[in-house]
Amino acid sequence: MRDIVDRRPNLVFVALAGYFLLCIVLRLAASPSLEIDEAEQAFLSQFLQLGYGPQPPFYNWLQYGLAQLIGTSLATMTILKNGLLFLCCLFYGLAAQLILKDRRLSAMAMFGVLSLPPVFLLAQRDLSHTVAALFAVSLFLYGFLRTLTRPSLFSYLLTGVAVGIGVISKYNFVVVPVAAILAVLPERELRKRLFDWRILAAIAIAAAIALPHGLWVLQNLDAASSGTLNEMKERAAEGRLMQMFHGVFALSSAIVGGSLVPLLVFGLVFRGKIRTIWRAESQWTRIMGRMIAISLLAVLLVVLGVAATHVREKWLVLFLALLPLYLCLKIEAAPIDPAPGFRRFVPLIACIVLGALVIVSARAVVRPWFGDYSKLNIPYAGFVEAVVEAEGRPPALVLTNDRQIAGNIRTRLADATVVIPHLSDVPPADAAKRPLLVVWRDETNPAPLPATLSEALKASGVPESAATPRSLEVPYIYASGPERYRFGYIWVGE
């Protein structure tokens with residue numbers, strides 16, 4: 001195995017690319033309908049804005065650019081997500097090669113990223129902004145370690161680019177570069193890298209990338225922060241002491257949940273050597289260990305500061321992503337041969353990630369066997385096809401009150417403008433593209449027109465006589481029986 005890695009070091013990157021290509025193929029084969037984040041991205045890809053709400057805009061910008069190039073579709077969203085995940089692992093592996101002498105260990109560090117639950121499970125199910133932030137963390141890690149080991153103006157600029165991208169990918173990314181700086185300060189021979197004049201260039205390029213969105217945040221502070229903060233406060237009615245207890249417990253549970261799989265994997269493949277590895281230390285284990293500890297301490301301070309009682313694993317993955325590299329550094333610092341562990345590591349990781357991928361991909365087919373239908377089973381494509389066939393032409397404008405509907409219809413009608421009244425402006429009737437399709441979830445029969453859509457139609461000048469609600473029932477995707485999903489809609493012709 002060592003000969004293979006030494007003779008063909010790029011083979012690990014080829015295997016990694018093959019895995020993410022398989023992820024793309026299986027997602028496209030699973031269902032044409034979208035998950036929550038996918039639908040949101042499909043809807044928002046119509047607009048280029050400095051900010052989109054509680055999440056930074058980098059992923060939205062990438063999605064918008066890809067949509068402009070090749071159109072809005074499930075394929076473009078799947079390619080973007082898995083492409084970023086591949087680049088995340090690629091730069092992580094390149095960063096590992098800078099400070100690990102053994103190529104097997106750098107390969108283990110790279111594949112170790114796949115052992116993180118938000119990567120091998122949640123990302124394949126439905127993630128977006130966290131994926132962009134993971135890419136930024138790996139790019140930063142590569143630039144930062146290259147600056148420490150082979151300082152050049154390029155390495156400083158690359159680090160600055162990574163910081164700028166990270167800040168506009170996920171707000172909690174800012175903890176990573178701060179933790180990195182603090183982690184290096186105790187190391188005298190590396191500390192001088194932080195006081196090199198070239199760091200000013202890094203700061204300048206990071207600021208230039210983050211500044212446009214930063215100005216938007218200052219003008220829309222509540223919109224940018226309220227969503228996540230409200231989600232973190234699930235027990236606002238409790239006393240301060242109980243909030244602190246629940247917050248610390250939630251953080252501890254999230255740390256355990258996020259790190260358990262990689263720890264178990266490394267523990268199993270190096271069983272019998274754990275005590276030796278635990279005691280091993282080097283300059284790089286100290287730096288990486290401090291980065292992890294400082295990052296998690298910062299999260300703890302935030303949790304206590306805002307009285308948070310809910311912490312999700314995916315919020316910590318930016319910091320726990322450092323764990324595989326830290327463990328590989330500990331292994332290299334220990335006087336042990338990593339070859340036996342490497343031979344066990346590769347098939348174990350393959351079983352975990354491929355098994356999770358099969359389960360995630362098969363759920364759209366398997367769940368209907370038990371009468372359980374998910375978002376992947378809702379027949380948006382069938383609805384659009386039925387309406388277009390009945391009316392003889394596609395709509396030019398779609399009006400809906402639901403992001404899930406908006407995103408799914410956007411992927412089926414790429415040439416149509418999709419509007420949600422409270423999120424975007426509804427064009428007036430005389431300026432609106434026609435024909436117009438109004439669609440909503442029909443949970444009762446007959447289908448009443450939701451108030452928000454009714455008001456939007458009135459405001460745009462559509463006559464009431466032309467707004468006659470209809471119902472359309474379409475079989476679920478992979479339906480195991482006669483179950484059908486009902487849509488309410490209005491068609492307004494020219």
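From a predicted model like this one, the values you see are computed outputs, not experimental measurements.
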Trainee: Between Leu74 and Thr411, is the side chain to side chain contact (heavy atoms under 4.5 Å, CB included) condition met? List the steps.
Mentor: CA-CA 7 Å; Leu74 175 60; Thr411 62; 5.6 Å; no
Trainee: For the side chain of Asn401 and the backbone of Thr452, is there at least one donor-acceptor N/O pair under 3.5 Å apart?
Mentor: no
Trainee: I'd like to check Leu251 versus Trp315 (side-chain heavy atoms, cut-off strictly below 4.5 Å). Are they in contact?
Mentor: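 No, their side chains stay 4.5 Å or more apart.
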Trainee: To the closest 0.5 Å, what do you measure between OG1 (Thr130) and NZ (Lys81)?
Mentor: 11.0 Å
Trainee: Could you report the tightest heavy-atom contact between Ile168 and Ala210, atom names first, then the distance?
Mentor: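 Looks like CG2-CA, 3.9 Å.
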Trainee: Could you give the distance from CD1 (Ile165) to CG (Leu62), rounded to the nearest 0.5 Å?
Mentor: 8.0 Å
Trainee: Measure the CG-CG distance between Asn60 and Leu44 for me, rounded to the nearest 0.5 Å.
Mentor: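 Going from CG on Asn60 over to CG on Leu44, the span is 5.5 Å.
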Trainee: Under the rule for side chain to side chain contact (heavy atoms under 4.5 Å, CB included), what residues qualify as partners of Val358, not counting sequence neighbours?
Mentor: none
Trainee: Donor-acceptor pair, distance only, cut-off 3.5 Å: does the side chain of Arg410 make one with the backbone of Gln46?
Mentor: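 Between the backbone of Gln46 and the side chain of Arg410 there is no qualifying donor-acceptor contact (under 3.5 Å).
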Trainee: Heavy atoms only: give me the nearest Pro421-Ala456 pair and the separation to one decimal.
Mentor: CG-CB, 3.8 Å
Trainee: What's the separation between atom CG in Leu114 and atom CG in Leu121, rounded to the nearest 0.5 Å?
Mentor: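 Result: 12.5 Å between the selected atoms.
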Trainee: Please list, chain by chain and in numerical order, all residues satisfying salt bridge (Lys or Arg N to Asp or Glu O under 4.0 Å) with Asp402, sequence neighbours excluded.
Mentor: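 Partners of Asp402 under the salt bridge (Lys or Arg N to Asp or Glu O under 4.0 Å) test: Arg441.
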Trainee: Just so I know, are the side chains of Leu304 and Val248 near enough to count as touching, which here means a heavy-atom distance under 4.5 Å?
Mentor: yes
Trainee: For the pair Asn408 (side chain) and Ser33 (backbone), establish whether a donor and an acceptor sit closer than 3.5 Å, ignoring hydrogens and angles.
Mentor: no
Trainee: Give me the atom names and distance for the closest heavy-atom approach of Val261 to Pro117.
Mentor: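 Closest approach of Val261 to Pro117: CG2-CG, 4.1 Å.
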Trainee: Mind jotting down which residue pairs meet the salt bridge (charged side-chain N to carboxylate O under 4.0 Å, His left out) criterion with at least one end in residues 203-221? Sequence neighbours excluded, please.
Mentor: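 Qualifying pairs, neighbours excluded: none.
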Trainee: Hey, is the main chain of Thr159 close enough, under 3.5 Å, to the side chain of Tyr142 for a donor-acceptor pair?
Mentor: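 No.
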Trainee: Could you work out, with salt bridge (Lys or Arg N to Asp or Glu O under 4.0 Å) as the rule, every residue matching Arg27, not counting sequence neighbours?
Mentor: Glu38
Trainee: Can you tell if the side chain of Val175 reaches within under 4.5 Å of the side chain of Val299, non-hydrogen atoms only?
Mentor: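 Heavy-atom side-chain distance check fails, nothing below 4.5 Å.
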Trainee: Measure the shortest side-chain to side-chain distance between Pro324 and Tyr92 over non-hydrogen atoms and say whether it is less than 4.5 angstrom.
Mentor: yes
Trainee: State, with a plain yes or no, whether a side-chain heavy atom of Val137 is found less than 4.5 Å away from one of Phe319.
Mentor: no
Trainee: Return the set of residues passing side chain to side chain contact (heavy atoms under 4.5 Å, CB included) with Ala67 (not counting sequence neighbours), or none when no residue passes.
Mentor: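 Side chain to side chain contact (heavy atoms under 4.5 Å, CB included) check on Ala67 returns Ser45, Thr72.
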Trainee: Could you list the residues that satisfy salt bridge (Lys or Arg N to Asp or Glu O under 4.0 Å) with Arg403, not counting sequence neighbours?
Mentor: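 Once residues adjacent in sequence are excluded, the partners of Arg403 under the salt bridge (Lys or Arg N to Asp or Glu O under 4.0 Å) criterion are Glu40.
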Trainee: Side-chain contact test, heavy atoms from C-beta onward, threshold under 4.5 Å: evaluate it for Leu399 versus Leu436 and give yes or no.
Mentor: yes
Trainee: Strictly distance-based, threshold 3.5 Å: is any side-chain N or O of Thr400 a donor or acceptor partner for the main-chain N or O of Val439?
Mentor: yes
Trainee: If you look only at pairs with a residue in residues 346-383, which of them pass as a ring pair (Phe, Tyr, Trp, His ring centres under 6.0 Å), with sequence neighbours excluded?
Mentor: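 Every pair satisfying ring pair (Phe, Tyr, Trp, His ring centres under 6.0 Å) with a residue in residues 346-383: Tyr373-Tyr476, Tyr380-Phe487, Phe383-Phe487, Phe383-Tyr489.
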Trainee: Roughly how far apart are Trp491 CH2 and Glu391 CD, rounded to 0.5 Å?
Mentor: 5.0 Å
Trainee: Give a yes or no answer on whether the side chain of Trp440 reaches the backbone of Pro448 with a donor-acceptor pair at less than 3.5 Å.
Mentor: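 It does hold such a pair.
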Trainee: Filter on salt bridge (charged side-chain N to carboxylate O under 4.0 Å, His left out), then keep only pairs touching residues 247-259, sequence neighbours left out; what's left?
Mentor: none
Trainee: For the pair Lys170 and Gln55, evaluate side-chain hydrogen bond (donor to acceptor under 3.5 Å, both in side chains) and give the outcome as yes or no after the intermediate values.
Mentor: CA-CA 7 Å; Lys170 203 80 172 169; Gln55 297 289 355; 3.2 Å; yes
Trainee: Determine the minimum heavy-atom distance between Pro368 and Ser480, stating which atoms define it.
Mentor: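 So the minimum-distance heavy-atom pair works out to O-OG, 2.6 Å.
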Trainee: Atom CE in Met291, atom CG in Leu322: separation rounded to 0.5 Å?
Mentor: 5.0 Å
Trainee: Between side-chain atoms of residues 82-90 and protein atoms elsewhere (two or more places apart, or another chain), which donor-acceptor pairs fall under 3.5 Å?
Mentor:
unit_1: Asn82; atom_1: OD1; unit_2: Gln124; atom_2: NE2; d: 3.1
unit_1: Asn82; atom_1: ND2; unit_2: Thr78; atom_2: O; d: 3.0

Trainee: Whether the side chain of Arg367 engages the backbone of Ala364 through a donor-acceptor N/O pair (distance < 3.5 Å, no angle test) should be reported.
Mentor: no
Trainee: Who pairs with Phe135 by ring-ring contact (aromatic ring centres under 6.0 Å, His included), at least two apart in sequence or on another chain?
Mentor: none
Trainee: Show me the side-chain donor-acceptor pairs of residues 253-260 shorter than 3.5 Å, one per line, residues at least two apart or across chains.
Mentor:
unit_1: Ser253; atom_1: OG; unit_2: Phe249; atom_2: O; d: 2.9
unit_1: Ser259; atom_1: OG; unit_2: Ile255; atom_2: O; d: 2.6

Trainee: Could you walk me through whether Leu34 and Lys375 satisfy the side chain to side chain contact (heavy atoms under 4.5 Å, CB included) test, starting with their C-alpha distance in whole Å, then the side-chain angles of each, then the deciding distance to 0.1 Å, before giving a yes or no?
Mentor: CA-CA 7 Å; Leu34 308 181; Lys375 290 178 174 59; over 6 Å; no
Trainee: Flag the pair Glu483 / Pro475 as yes when at least one side-chain heavy-atom distance between them is below 4.5 Å, and no otherwise.
Mentor: no
Trainee: Where the side chain of Lys314 meets the backbone of Leu122, is there a donor-acceptor pair that is under 3.5 Å apart?
Mentor: no
Trainee: Carefully, step by step, assess Leu323 and Leu263 under the rule side chain to side chain contact (heavy atoms under 4.5 Å, CB included).
Mentor: CA-CA 9 Å; Leu323 184 59; Leu263 289 174; 4.1 Å; yes
Trainee: Please lay out, stage by stage, how Leu325 and Leu141 fare under the test side chain to side chain contact (heavy atoms under 4.5 Å, CB included).
Mentor: CA-CA 10 Å; Leu325 180 55; Leu141 198 61; 3.8 Å; yes
Trainee: If I compare all heavy atoms of Ala250 with all of Thr309, which pair ends up nearest, and what's the gap?
Mentor: CB-O, 3.6 Å
Trainee: Measure across Phe120 and Ser115 and return the closest heavy-atom pair with its distance rounded to 0.1 Å.
Mentor: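 That closest heavy-atom pairing would be CE2-O, 3.3 Å.
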Trainee: Please check this pair: side chain of Ser361 against backbone of Leu357, looking for a donor-acceptor N/O pair closer than 3.5 Å.
Mentor: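 Side chain of Ser361 to backbone of Leu357: a pair is present.
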Trainee: Can any side-chain N or O of Tyr52 pair as donor or acceptor with the backbone N or O of Phe47 at less than 3.5 Å?
Mentor: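 Yes.
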Trainee: Do the non-hydrogen side-chain atoms of Ile352 and Val265 ever get within less than 4.5 Å of each other?
Mentor: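 Heavy-atom side-chain distance check passes, below 4.5 Å.
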Trainee: Throw together a table of side-chain donor-acceptor distances under 3.5 angstrom for residues 211-218, partners on residues two or more places apart or in other chains.
Mentor:
unit_1: His213; atom_1: ND1; unit_2: Leu50; atom_2: O; d: 2.7
unit_1: His213; atom_1: NE2; unit_2: Tyr171; atom_2: OH; d: 2.7

